[in-house]
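Proteins come first, then strands; the chains are lettered A, B, ... in the order of their sequence lines, and each starts at number 1.
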Number of protein chains: 4
Amino acid sequence: MKKTNRQLQKEQTREALLEKAFEVFAQRGIMNTRMSDIAQAAGVSHGTVFAHFRTQEVLITEVIETYGRKIALRTHELADSCEHMEEVLAAHLAGIMEFEPFYTRLVIENRLLPLAARDVWVSVQSAISFHFSQVAERERQRGRGIDIPTHLLFNMWVGLVHYYLANSDLFAPEGHVIKRYGKTLIDNYSKLIQRSPEEK
Amino acid sequence: MKKTNRQLQKEQTREALLEKAFEVFAQRGIMNTRMSDIAQAAGVSHGTVFAHFRTQEVLITEVIETYGRKIALRTHELADSCEHMEEVLAAHLAGIMEFEPFYTRLVIENRLLPLAARDVWVSVQSAISFHFSQVAERERQRGRGIDIPTHLLFNMWVGLVHYYLANSDLFAPEGHVIKRYGKTLIDNYSKLIQRSPEEK
Amino acid sequence: MKKTNRQLQKEQTREALLEKAFEVFAQRGIMNTRMSDIAQAAGVSHGTVFAHFRTQEVLITEVIETYGRKIALRTHELADSCEHMEEVLAAHLAGIMEFEPFYTRLVIENRLLPLAARDVWVSVQSAISFHFSQVAERERQRGRGIDIPTHLLFNMWVGLVHYYLANSDLFAPEGHVIKRYGKTLIDNYSKLIQRSPEEK
Amino acid sequence: MKKTNRQLQKEQTREALLEKAFEVFAQRGIMNTRMSDIAQAAGVSHGTVFAHFRTQEVLITEVIETYGRKIALRTHELADSCEHMEEVLAAHLAGIMEFEPFYTRLVIENRLLPLAARDVWVSVQSAISFHFSQVAERERQRGRGIDIPTHLLFNMWVGLVHYYLANSDLFAPEGHVIKRYGKTLIDNYSKLIQRSPEEK
DNA sequence: CATGAATGAGATTTCATTCAT
DNA sequence: CATGAATGAAATCTCATTCAT
């Protein structure tokens, strides 16, 4: 019982660190955040961070893993019951929106992250693409689809969304890109891909 | 006269620095390149770099300005006589391909660059969008276009291209994304936007 | 009664710590061993080490004291009945051999140890020298000795042995210096000191 | 010419750093000296040390290399013309004495040094053993030697000397072990090995 | 002007020691 | 007492920038 208490406390500190790191990363950027920033944000000493995460790389990777999983999970939840493409897209954006500042950082720093972290990030993308592909396939069978490979359709969509996020400072200096452009993006992208096939 | 000679000399050193910085940036990344790397690549002393560019930020900005302008110019040249959208897209990619490693770095590090550098980068994008818009408008008038705002069409295209470049390590580890995927991207994107409008 | 139990328990933990520290010191070196290594080896918590030994220095000193005493004692046992110098030398090496890895560490780190630890180490040497001197004196009286001060003879012997131990990595990378060189050292050293005195 | 000046200045700083490091090492010990101690002793900034020696290990190795070479060289000089073993031993000790505090640190920390440094140190020992072996062989041929392998005789001698140095704090707290014991060591060691061979 | 040696403000990481539970 | 989470004082190393020559 006592043991459980201590473990709980440690677990709490760990969670607090992950959470604060998540917040600080979202705010200041991932690679620009010093270990001491996180310690400070979590109200613990410098050394404590290292007691929980052996190196900076480990911390970064775990934060991305943790919240990447959350994002993927949430997207699953939201997208699971979707019938039509519009719904999937909306679910995707809704999932992102809940973590927008952090997700945006991932988009921005993507290639500069430690390799392990990048791997995690890639797996998050895969999770998202799953639902997209499924619905795309279904629509295709219904004859509503178009003759463009699904993965390319997905890349177009993600490319579009990431483009807006990557340039969030231009598109939405106040920071809410999805809120401001989400509907537009969905509408236009849908319109583009869902027109009935060309007719002679 | 002597003065002129000296100025000439200085100008030459400056050009050499810009060029070598461009090369090293393309290779090692922009923010990961040390001032001394550039000095070494240019065969001048470490201090000389600072004689020409007061700070690292200034150097980075000027390199991006210089080569951004070149990229924009080249795109103009290539896209100027284009009649159809496919041609514009091809011109765009051709322009990028000539500077692919450096351009890719800009895509990747975009938001981490000094602000001034980012401004420059934005202006490069504008230059490119100009031709796109012009042809899009023309096609629209000819009845071949679709009822999606041109800037969105552009963002989709650029988003798609940048998505491939930003993930070049996954898509084309050998480093030639455009060569490998250029045609695919153009074909599919064109197919998507150029189908005759829906008919009742 | 309960108290006694507890004291017993405590005493046991203390012994376990000393023993495990001894083992870890022999393996990883004394000054290179972290307090937490010892805790781990002993299967107790990090803090427990400090409950038994106020500081690292105290722990090191007590380990050396404890095992130094053991080494000295064992040497006494082995050397006690020795008649001839060869026997004493053999006893000495036999004593060392039983603790070779740890003893070697003492030789190597000798001067870098906390002062108290060093004092202990010196006293171990004295214990060993006692038997050496006794036999040397006896042989001298029998006319078999030579006219070199006993303490110098001892220092030569110890110097020789320690030289091999201190360079164990060169002499016996597998780690058994005494096993490999013990006989050679004894034979040659004996030959040197035990030749009958010069004769005209 | 100007270039020569700058180079000279750099060389001077480098030499100063090596020299001060040598002094500080002799005083405080090698592994216990912080890079900043050396910077301070040399009157330069912390970063300067790293400008000249990429890592601590490199610095340590170079100091040992430099002064190791000096010690070996000096020993060569002193031992070169020696006819008899006593002279060689005296030369050896004289060579050591000129660098006693530093040499003592090498003896003490030997096994704790970075591997590269240890290699250097081993090569210094080899250099010294060369003269010893040469004279020993000569004496052997003259019939003055004894039937103990030369390398063992050398190890006995070096073991003896190092034993005194390693325990300098006990033997000569004022720090001049060789001055105090040199003659004694030579005399007794010589007496031991140079007695005419046993006679029946 | 060019040079490149020197500077010093950080950043990460380690580990003995403390102390609340 | 035992526990082990938290602490924080060091120590190494990097690199943009300065400045005497």
Taking only the side-chain nitrogens and oxygens of A/Thr13, find out if one of them lies under 4.0 Å from OP1 or OP2 of F/dA6.
-> yes

Once you round it to whole Å, what is the distance between C1' of F/dA11 and CD of D/Glu57?
-> 16 Å

Give the rounded distance in Å between these two atoms: CG of A/Leu8 and P of E/dA20.
-> 20 Å

Audit row: A/Arg14, A/Glu62, side-chain contact (heavy atoms from CB on, under 4.5 Å) steps and yes/no | CA-CA 11 Å; A/Arg14 191 190 153 86; A/Glu62 295 217 14; 2.3 Å; yes

Have D/Thr104 and C/Arg111 got a donor and an acceptor in their side chains that come within less than 3.5 Å?
-> no

Of D/Trp121, D/Phe25, D/Tyr67, which meets ring pair (Phe, Tyr, Trp, His ring centres under 6.0 Å) against D/Tyr103?
-> D/Trp121

Nearest to side-chain heavy atoms of B/Ala51, which nucleotide of E/dA2, F/dG8, E/dA16 = E/dA2

E/dT21: pairing nucleotide in any strand, Watson-Crick or G-U under 3.5 angstrom | F/dA2

For E/dG8, which nucleotide in any strand shown is its Watson-Crick or wobble partner with both distances under 3.5 Å?
-> F/dC15

By nearest-heavy-atom nucleotide on DNA chain F, the more 5' of B/Gly47 and A/Gly43 is A/Gly43

Could you tell me the separation between the CE atom of B/Met35 and the P atom of E/dT7, rounded to a whole number of Å?
-> 21 Å

Whole-Å distance separating the CD atom of D/Glu11 from the P atom of F/dT21 | 19 Å

Under 3.5 Å, side chain of B/Glu109 to main-chain N/O of B/Ile30, donor-acceptor pair present?
-> yes

In whole angstroms, how far is the P atom of F/dG4 from the CZ atom of C/Phe50?
-> 15 Å

Nearest to the side chain of D/Arg34 - E/dA16, F/dA11, F/dC13?
-> F/dA11

Under 4.0 Å between a side-chain N/O of B/Thr48 and OP1 or OP2 of E/dT3, yes or no?
-> yes

Separation of C/Gln56 atom CD from E/dT18 atom C1', in whole Å?
-> 15 Å

Most 5' of B/Ser45 and A/Arg54 on DNA chain E, judged by nearest nucleotide = B/Ser45

For E/dT14, the Watson-Crick or wobble partner whose two distances fall under 3.5 Å = F/dA9

Interatomic distance, C/Ile38 CD1 vs E/dC15 P [rounded to whole Å] | 13 Å

Min side-chain heavy-atom separation C/Arg118-C/Ile64 under 4.5 Å = no

Nucleotide F/dA6, atom C1' - distance to CZ of A/Arg14 in whole Å = 16 Å

Does D/His46 put a side-chain nitrogen or oxygen below 4.0 Å from OP1 or OP2 of E/dG10?
-> no

